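Note sheet for the following structure.
Since this is a predicted model, take the numbers as computed values, not measurements.
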Amino acid sequence: MTAKVRTRFAPSPTGFLHVGGARTALYSWLFAKKMQGDFVLRIEDTDQERSTEESLQKVLSDLKWLGYDWQEGPEVNGPNQPYFQSQRQAIYQEHAERLLKAGKAYYCFCSDERLESLRETAKKEGRSPQYDGHCRKVSKEEAKERLAAGEKATVRFQIPEEKDHYVFQDLIRKEVKFPKEMVGDFILLRSDGMPVYNFCCAVDDALMNITHVLRAEEHLSNTLRQIMILEALDYPLPQFGHLSIILGADKQKLSKRHGATSCHEYAERGFLPEALSNFLALLGWSHPEGKEIMPLEELVETFSLDRVHGSPAVFDEEKLKWMNSQYLRALSNEDLWQRIQPFLTAAGLDFSDAPEDWKNKTLDVFKSSMETLVDAVALYQNMSDAHFQVDEEACAEVLSWDTTKAAMEVWLQGLKDLSGDYLSEEDFLSLQDKVKSDLGVKGKHLFMPLRVAVIGKPQGAEMKLLVPLLAKSSLQKRVEIVLEKI
RNA sequence: GUUCCCAUCGUCUAGAGGCCUAGGAUGCCACCCUUUCACGGUGGAGACACGGGUUCGACUCCCGUUGGGAACGCCA
C-alpha cells in the first residue's frame, strides 16, 4: 500500500492571495482530493517585516471564498501543529544545530559590505553571484568565541562536494538536472536567529509528511537547495511538481501593473469563485475530452497531474468573463439574487422589499446580459426611479426625430388612461399599437422613443418584459422627465 | 552574465510517428433569430518559430539556432 497523499499550500501572509497562488492551491487541493489524501495549509511567516495578521486573514478568506478546504492548518489545526512557521522556531534551531554539529553548516561572520562587493565582482566577471565560502575556514572554536564576544553571525549550509549534479524527477517536467555550482553556500539562519524560507520549507515538508509538493516554477532553483538540506538531514524527499508561471498580456510574469491580480479583486469585480477556479484549472491542465465548464466537484473527479503541462500561460480576462457569464446563467434566480444583493446595496440600490416574483422576473430578463455580478448594478439602476437619468449622448439621435415628441406624448396619455398600478404585457402591446396607429410611426421610430421614455437609453432589454416590471407611476414620471429635454 | 524552464491559431489548449486537409474553446468577422441590445444558432478568417538530423513517414523523437520566461537575497 502506498502512503496517503499529502499536499500542502504554503502562502506567506503578505497581502491578498494572488491568482497564481490560487492556482497552485487549486492544483494541490484537487490532487489531494482526487487521491483521497490531505491538503495541508502552512503559513510561511518567517519574514516578520512583511507578515501581518491582517494579510493572514485575507489569504484565509480568499481560500475559503474559493472553497479549498484544508484538513490541517490554521483554525483546524492537526497532528503536525503549529502550522505557523513563526511558531516553529525551536524545531528549526534544533535542525540547524544538527547540521552545524555534523559539519554540514557553519557560522558566517561576513559583513553586508563584503557580500555586496562579492556579488558585484561576480556579476562583472559574468559569474553567478554567489557566496565564496569564505567563512568555511572559521573553526568551531573560533566561531564560539566570536559569538560569545557578541559578534553577529548567520548559519550557512555547506554545499556537499560529493555530487556534481543533482537530478530529480519533476512530476510535470520529467527529469530536471542541476549542476551543483548553481547555488553557493546559502543561509539557513539569519543573524537574528530567524530561519530562512528554504530551510523551514524543507524541514516542514519532511516533518509534516508531505508527499507531493506542487509549486510555481520560480521555485525550481529552490528545489535544489531543499533537496540538499533534506539529504543532509537524512529525510525522505517529497515528489516535486513545478507549475508554469502565469503571464500577463505582455507575456511578463503577472503582476500589479497588469491590473487585477488578486482573487479578492476578482471577487469585488463580480466574478464567481467557481468560475475563477474553473478558469484557473484550465491554465495548464485540460480535460481529456476537452470539456471546459466544470464545477469544482467535477474537476476533482477528472483532475490528474499527467495532463498538467509546463508551458507558461497568459491570463486572458476575456475568457474568464465568458466563463463567468456561463456560471452566472446557470445559477438559480434565488442564488443569483443572493449574490448580486451586496453589489446593489453598495451602489445604493435597495430592492430588499421587492416581491420574490418581481426579483425572479427581472432576473429572467437581465440574466443573459450579465457577465459579472457588477453588471447587475447598471441593470437595476434602470429599475430605480432615484437613479433614472437620460443618457443624452446616446439618446441624441432619437430625441432629434420629428415624431419622437408626439410618440412620447401619446405614450404618456395612454399611461394616464390606464387603470391599475402596473401594465400587463398586453397593456403595453396595445398601447404600443396605439402610438403606432395614431402617428403612423413604425420600426425604430416607434421602439426607440418608447425605450428612451422608459429607461433613458436607446438600447436595453425587451420592452414587453421590462415595462410590466415598472410601476405605472414611475413610467409616467420618466416620460415627463424625458419630454422636458426635447 | 550564469543556470534552469518553455515553444501549436491573438489567447487558453488537443495532439504521446501515419487517424492532421492540425481538433476544441475564447476573442474577432458574417449571417440567422430578434421590430433594439444581449442571449442563442450557423458559418468564416486564424497556428505547428527556424535549421539540421532519426525514420518509409515527423506537430509529435534527437541536436542546434532563435525567441520568451524564471531564478541567482540575512524575500517567500
Side-chain angles (χ1 to χ4, degrees), chain A residues 10-14 21 44-47 49-51 85 108 110 112 115-116 119 122-131 152-156 170 172-173 176-179 181-184 186-198 200-201 215-225 242 244-245 247 249 251-253 279 282-293 306-307 309-323 325 329 365-371 375 379 398 432 436 442-448 450-451 457-463:
Chain A
S12 57
T14 54
E44 312 225 323
D45 55 353
T46 54
D47 183 352
E49 307 260 302
R50 299 198 302 150
S51 302
Q85 290 187 329
C108 172
C110 290
D112 283 348
L115 263 19
E116 185 53 39
R119 270 192 289 271
K123 215 170 172 184
K124 230 183 293 169
E125 291 171 8
R127 287 180 293 112
S128 185
Q130 49 184 230
Y131 186 61
K152 289 282 180 200
T154 57
V155 172
R156 280 186 190 272
D170 191 276
I172 294 159
R173 289 155 212 280
V176 179
K177 190 173 169 184
F178 289 113
E181 315 81 66
M182 190 169 161
V183 295
F186 54 90
I187 289 177
L188 258 23
L189 256 36
R190 299 172 167 99
S191 53
D192 64 359
M194 280 299 271
V196 137
Y197 166 74
N198 279 299
C200 305
C201 186
R215 50 156 68 133
E217 184 191 326
E218 61 211 52
H219 285 290
L220 252 179
S221 58
N222 287 327
T223 300
L224 172 59
R225 295 185 179 83
H242 291 87
S244 64
I245 309 273
L247 273 21
K251 307 256 181 159
Q252 306 277 304
K253 186 172 167 183
F279 175 75
L282 260 20
L283 248 36
W285 173 85
S286 61
H287 183 278
E289 272 101 53
K291 201 168 173 192
E292 297 212 303
I293 302 287
D306 56 9
R307 292 193 64 84
H309 68 80
S311 41
V314 173
F315 191 97
D316 180 11
E317 211 173 276
E318 289 304 313
K319 187 151 183 177
L320 206 211
K321 280 185 192 163
W322 167 78
M323 192 161 275
S325 69
R329 269 160 227 153
V365 175
F366 294 150
K367 220 181 212 174
S368 64
S369 54
M370 287 167 58
E371 255 179 347
D375 292 339
L379 263 7
V398 179
Q432 189 181 60
K436 185 178 175 181
K442 57 179 183 177
K444 63 179 182 181
H445 287 82
L446 169 63
F447 301 104
M448 298 281 215
L450 294 187
R451 187 183 305 281
K457 304 176 182 86
Q459 282 162 351
E462 201 174 346
M463 292 288 278

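One can place CE of A/Met194 at 16 Å from C1' of B/G73, the figure rounded to the nearest angstrom. The NZ atom of A/Lys321 sits 10 Å away from the P atom of B/G27 (whole-angstrom rounding). Here B/U35 presents its C1' atom at 8 Å from CG of A/Leu446, a figure rounded to the nearest Å. Here B/A71 presents its P atom at 12 Å from OH of A/Tyr197, a figure rounded to the nearest Å. If you measure from atom CH2 of A/Trp285 to atom P of B/A14, you get 11 Å, rounded to the nearest angstrom. The interatomic distance linking A/Trp322 (CH2) with B/C28 (P) rounds to 13 Å, in whole Å. Remark: P of B/C37 and CD of A/Gln459 are 6 Å apart, rounded to the nearest angstrom. Atom pair A/Glu289:CD and B/U13:C1' shows a separation of 15 Å (rounding to whole Å applied).
In this structure B/A7 sits in a base pair with B/U66, meeting the Watson-Crick or G-U test at under 3.5 Å. Across all strands shown, B/U55 forms no Watson-Crick or G-U wobble pair with both distances under 3.5 Å. In this entry B/A14 has no Watson-Crick or G-U wobble partner, no candidate having both defining distances under 3.5 Å. B/U21 is unpaired under the Watson-Crick or G-U wobble criterion, no partner having all donor-acceptor distances under 3.5 Å. For B/G73, there is no paired nucleotide, since no Watson-Crick or G-U wobble pair has both relevant distances below 3.5 Å. Pair assignment for B/A30 gives B/U42, based on Watson-Crick or G-U wobble hydrogen-bonding distances that are each under 3.5 Å.
Using a 4.0 Å heavy-atom distance criterion, A/Ala461 is classed as a base contact. Counting any heavy atom pair closer than 4.0 Å across all strands shown, A/Lys291 reaches no nucleic acid atom. Using a 4.0 Å heavy-atom criterion, one finds that A/Glu181 contacts no nucleic acid atom at all. Within 4.0 Å of A/Lys442, counting heavy atoms only, lies no atom of the nucleic acid at all. Residue contacts for A/Ser369: at a heavy-atom cut-off of 4.0 Å it reaches the sugar-phosphate backbone alone, with no base atom in range. A/Thr46 comes within 4.0 angstrom of the backbone, heavy atoms only, and of no base. Here A/Arg329 lies in heavy-atom contact (under 4.0 Å) with sugar-phosphate atoms only. Nucleic acid contact for A/Arg215: none, since no nucleic acid atom lies under 4.0 Å from a heavy atom of the residue.
The aromatic rings of A/Phe279 and A/Phe315 lie perpendicular to each other, with more than 60° between the two planes, well past the 30° mark.
Looking only at side-chain heavy atoms (C-beta outward), A/Ser244 and A/Ser311 stay at 4.5 Å or farther from each other.
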Quiz item: Tell me, for nucleotides 1-12 of chain B in 5' to 3' order, what letter each nucleotide earns: B for a base near a protein heavy atom under 4.0 Å, S for only sugar-phosphate near one, - for neither?
Solution: BSSSBSS--BSB
Practice problem: Applying side-chain contact (heavy atoms from CB on, under 4.5 Å), run through A/Asp47 and A/Met194 and close with a yes or a no. | Solution: CA-CA 8 Å; A/Asp47 183 352; A/Met194 280 299 271; over 6 Å; no
Exercise. Please lay out, stage by stage, how A/Glu462 and A/Arg451 fare under the test salt bridge (Lys or Arg N to Asp or Glu O under 4.0 Å).
Key: CA-CA 9 Å; A/Glu462 201 174 346; A/Arg451 187 183 305 281; over 6 Å; no
Quiz prompt | CA sep, side-chain torsions, deciding dist, call: A/Val183, A/Phe178, side-chain contact (heavy atoms from CB on, under 4.5 Å) | solution = CA-CA 9 Å; A/Val183 295; A/Phe178 289 113; over 6 Å; no
Quiz item: Stepwise, does the side-chain contact (heavy atoms from CB on, under 4.5 Å) test hold for A/Leu247 with A/Ile245?
Solution: CA-CA 6 Å; A/Leu247 273 21; A/Ile245 309 273; 3.9 Å; yes
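Summary of the strand contacts: A/Glu371 and A/Arg225 both lie near RNA chain B, and taking for each the nucleotide with the nearest heavy atom, the more 5' one is attributed to A/Glu371.
Nucleotides B/G46 and B/U13 place their C1' atoms 15 Å apart, quoted to the nearest Å. Going from the C1' atom of B/C72 to that of B/U60 covers 34 Å, rounded to whole Å. Across B/U11 and B/G27, the matching C1' atoms stand 8 Å from one another, rounded to whole Å. Taking atom C1' in both B/G53 and B/G17, the straight-line distance is 15 Å, to the nearest Å. Taking the C1' atoms as reference points, B/C48 lies 10 Å from B/C9, given to the whole Å. Here the separation of B/U55 from B/C63, taken at their C1' atoms, is 16 Å to the nearest Å. Comparing B/G51 with B/A14, their P atoms sit 25 Å apart, to the nearest whole Å. Separation of the C1' atoms belonging to B/U26 and B/A71 is 32 Å when rounded to the nearest angstrom.
Remark: the backbone N or O of A/His242 is paired with a side-chain donor or acceptor of A/Asp170 at under 3.5 angstrom.
A sub-4.0 Å separation between OP1 or OP2 of B/G15 and a side-chain N or O of A/Arg307 is present.
One finds a salt bridge joining A/Lys319 and A/Glu292 here, because a Lys/Arg side-chain nitrogen approaches an Asp/Glu carboxylate oxygen to under 4.0 Å.
Residue side chain A/Ser191 reaches the base of B/C74 through a donor-acceptor N/O pair under 3.5 Å, judged by distance alone. You'll find a donor-acceptor pair under 3.5 Å spanning the side chain of A/Asn222 and the base of B/A76, going by distance alone.
Of the candidate nucleotides B/U35, B/G68, B/C74, B/C74 has the atom lying nearest to any side-chain atom of A/Arg119. In the set B/A14, B/G69, B/A76, B/G69 carries the atom at the smallest distance from any side-chain atom of A/Ile245.
Annotation: salt bridge (charged side-chain N to carboxylate O under 4.0 Å, His left out) contacts of A/Glu181 (sequence neighbours excluded): none.
For A/Arg156 and A/Tyr131, the positive end sits near the middle of the six-membered ring, less than 6.0 Å away and at most 45° from its axis.
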